[in-house]
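To keep things clear, I will list the structure first and then write my remarks on it.
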Amino acid sequence: MSVLLIGGSPTEHSRSAALLDGVEQRLHQLVDARRLPVDRLRVRDLSPQALLLADWGHASVARAIEQVAQARALVIATPVYKAAYSGVLKVFLDLLPQTALKGKAVLPLATGGSPHHMLALDYALRPVLQSLGARHILPGVYATDVQIPKDVEGQYRLVTDIGQRLDDAVNLLLQEGLRMPIAAGFAPVPFAQVRCSV
């Protein structure tokens, strides 16, 4: 069982990548990496020519498709352009087999310049994920540019409300998407110590 984080931004340092970083940090805080490996796929790192020419046999594309096949859950992050997800993500999703997401849970994330584009998750990305057979598409997280500002060092950072929404989304991914219990602060009790009265 593993989680694959897919970055659909055409740029290396982006707000959508900052959302993926936030998800990755939260997954590592909540679950031991041996129990739930987390992999990352940046679509921008794949061969552009292979993507545009739909060259499934190209090593980078074949490896990416295999990563999707091996993952139990996906977290897909994309910037929103022209009220839709990024073109680089579209090209990659078009290369996936029709049942590539069958049996998988998917958490969609998106960033955009204003709140007016938040429905792109539901009206543009969700139908494609459903057509690829996703078992469970979780409620997405959309953040505006103002919610992921740059700090004094030029790095993107998440404001508090986006951090809290990512907390909720990751908990939902683990509990509903992967059926993994979240520790509630109590130590496990061995069965031999359980006492019952009638």
Side-chain angles (χ1 to χ4, degrees), residues 1-9 14-28 30-31 36-44 46 64-112 115-144 147-148 158 161-182:
M1 175 179 8
S2 67
V3 175
L4 179 62
L5 308 178
I6 299 178
S9 176
S14 66
R15 288 178 170 87
S16 57
L19 284 178
L20 278 183
D21 292 341
V23 168
E24 186 170 16
Q25 291 168 355
R26 284 159 176 79
L27 286 171
H28 288 311
L30 294 171
V31 183
L36 185 66
V38 178
D39 296 321
R40 196 137 182 180
L41 169 63
R42 293 171 188 82
V43 179
R44 70 179 301 279
L46 303 179
I65 292 172
E66 183 60 24
Q67 280 183 278
V68 171
Q70 294 300 317
R72 172 116 180 260
L74 305 172
V75 180
I76 300 175
T78 179
V80 173
Y81 303 122
K82 311 287 188 202
Y85 54 96
S86 73
V88 70
L89 180 61
K90 167 75 169 135
V91 171
F92 177 67
L93 293 176
D94 285 347
L95 287 177
L96 294 177
Q98 192 62 45
T99 58
L101 303 184
K102 185 176 181 181
K104 300 181 190 307
V106 181
L107 170 60
L109 310 172
T111 58
H116 298 99
H117 298 295
M118 73 173 48
L119 291 178
L121 280 173
D122 290 328
Y123 292 121
L125 187 56
R126 184 175 291 270
V128 175
L129 300 175
Q130 287 174 328
S131 75
L132 291 170
R135 173 180 58 86
H136 188 26
I137 303 171
L138 299 163
V141 175
Y142 178 85
T144 62
Q147 294 172 310
I148 309 177
L158 307 178
D161 68 318
I162 292 300
Q164 291 169 344
R165 288 174 51 209
L166 281 185
D167 288 341
D168 294 341
V170 169
N171 284 336
L172 200 60
L173 175 66
L174 292 173
Q175 291 175 334
E176 290 187 19
L178 295 171
R179 307 277 186 228
M180 295 183 80
I182 302 296

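- Among all heavy-atom pairs drawn from P79 and S16, the shortest one is CD-OG, 3.7 Å.
- The nearest pair of heavy atoms linking P97 to L132 is O-CD2, 3.4 Å.
- A heavy-atom distance below 4.5 Å is found between the side chains of S86 and T78.
- Considering only heavy atoms from C-beta on, I137 stays 4.5 Å or farther from L125 through its side chain.
- Counting heavy atoms from C-beta outward, S14 and T111 have side chains that stay 4.5 Å or more apart.
- Across all non-hydrogen atoms, the minimal contact from A105 to G177 is CB-CA, 3.6 Å.
- V38 has its side chain out of reach of V23: every pair of non-hydrogen atoms, C-beta onward, lies at least 4.5 Å apart.
- Between the Q25 side chain and the G22 main chain, no donor and acceptor come within less than 3.5 Å of each other.
- Considering only residues two or more places apart in sequence or on other chains, D168 meets the salt bridge (Lys or Arg N to Asp or Glu O under 4.0 Å) condition with none of them.
- Closest non-hydrogen pair, A124 versus A83, comes out as CB-O, 4.3 Å.
- Applying the side chain to side chain donor-acceptor pair (under 3.5 Å) definition to pairs two or more places apart or across chains, those involving residues 91-106 are K90-D94.
- Shortest non-hydrogen contact noted between Y142 and R165 is O-NH2, 3.0 Å.
- The side-chain heavy atoms of L46 and L41, taken from C-beta on, include a pair separated by under 4.5 Å.
- Here the CD-CG distance, from E176 to N171, works out to 10.5 Å after rounding to the nearest 0.5 Å.
- Residues V3 and L178 meet the side-chain proximity criterion, which asks for heavy atoms closer than 4.5 Å.
- Screening residues 121-132 for side chain to side chain donor-acceptor pair (under 3.5 Å) gives D122-R126 as the qualifying pairs, with residues at least two apart or on separate chains.
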Using a 3.5 Å cut-off and no angle test, enumerate the donor-acceptor pairs between side-chain atoms of residues 66-76 and protein atoms at least two apart in sequence or in another chain.
unit_1: E66; atom_1: OE2; unit_2: Q70; atom_2: NE2; d: 2.5

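- Rounding to the nearest 0.5 angstrom, the gap separating the CG atom in L173 from the CG atom in L107 is 6.0 Å.
- Shortest non-hydrogen contact noted between L121 and A110 is CD2-CB, 3.7 Å.
- At least one side-chain heavy atom of L4 sits under 4.5 Å from a side-chain heavy atom of I6.
- Partners of R40 by salt bridge (Lys or Arg N to Asp or Glu O under 4.0 Å), not counting sequence neighbours, listed by chain and number: D21, E24.
- With a 6.0 Å radius and a threshold of 12 heavy atoms from other residues, nucleotides or ligands, H28 has its NE2 atom above the threshold.
- With sequence neighbours left out, D167 forms a side chain to side chain contact (heavy atoms under 4.5 Å, CB included) with R26.
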Test I162 against L19 for side chain to side chain contact (heavy atoms under 4.5 Å, CB included), laying out the working first.
-> CA-CA 9 Å; I162 292 300; L19 284 178; 3.8 Å; yes
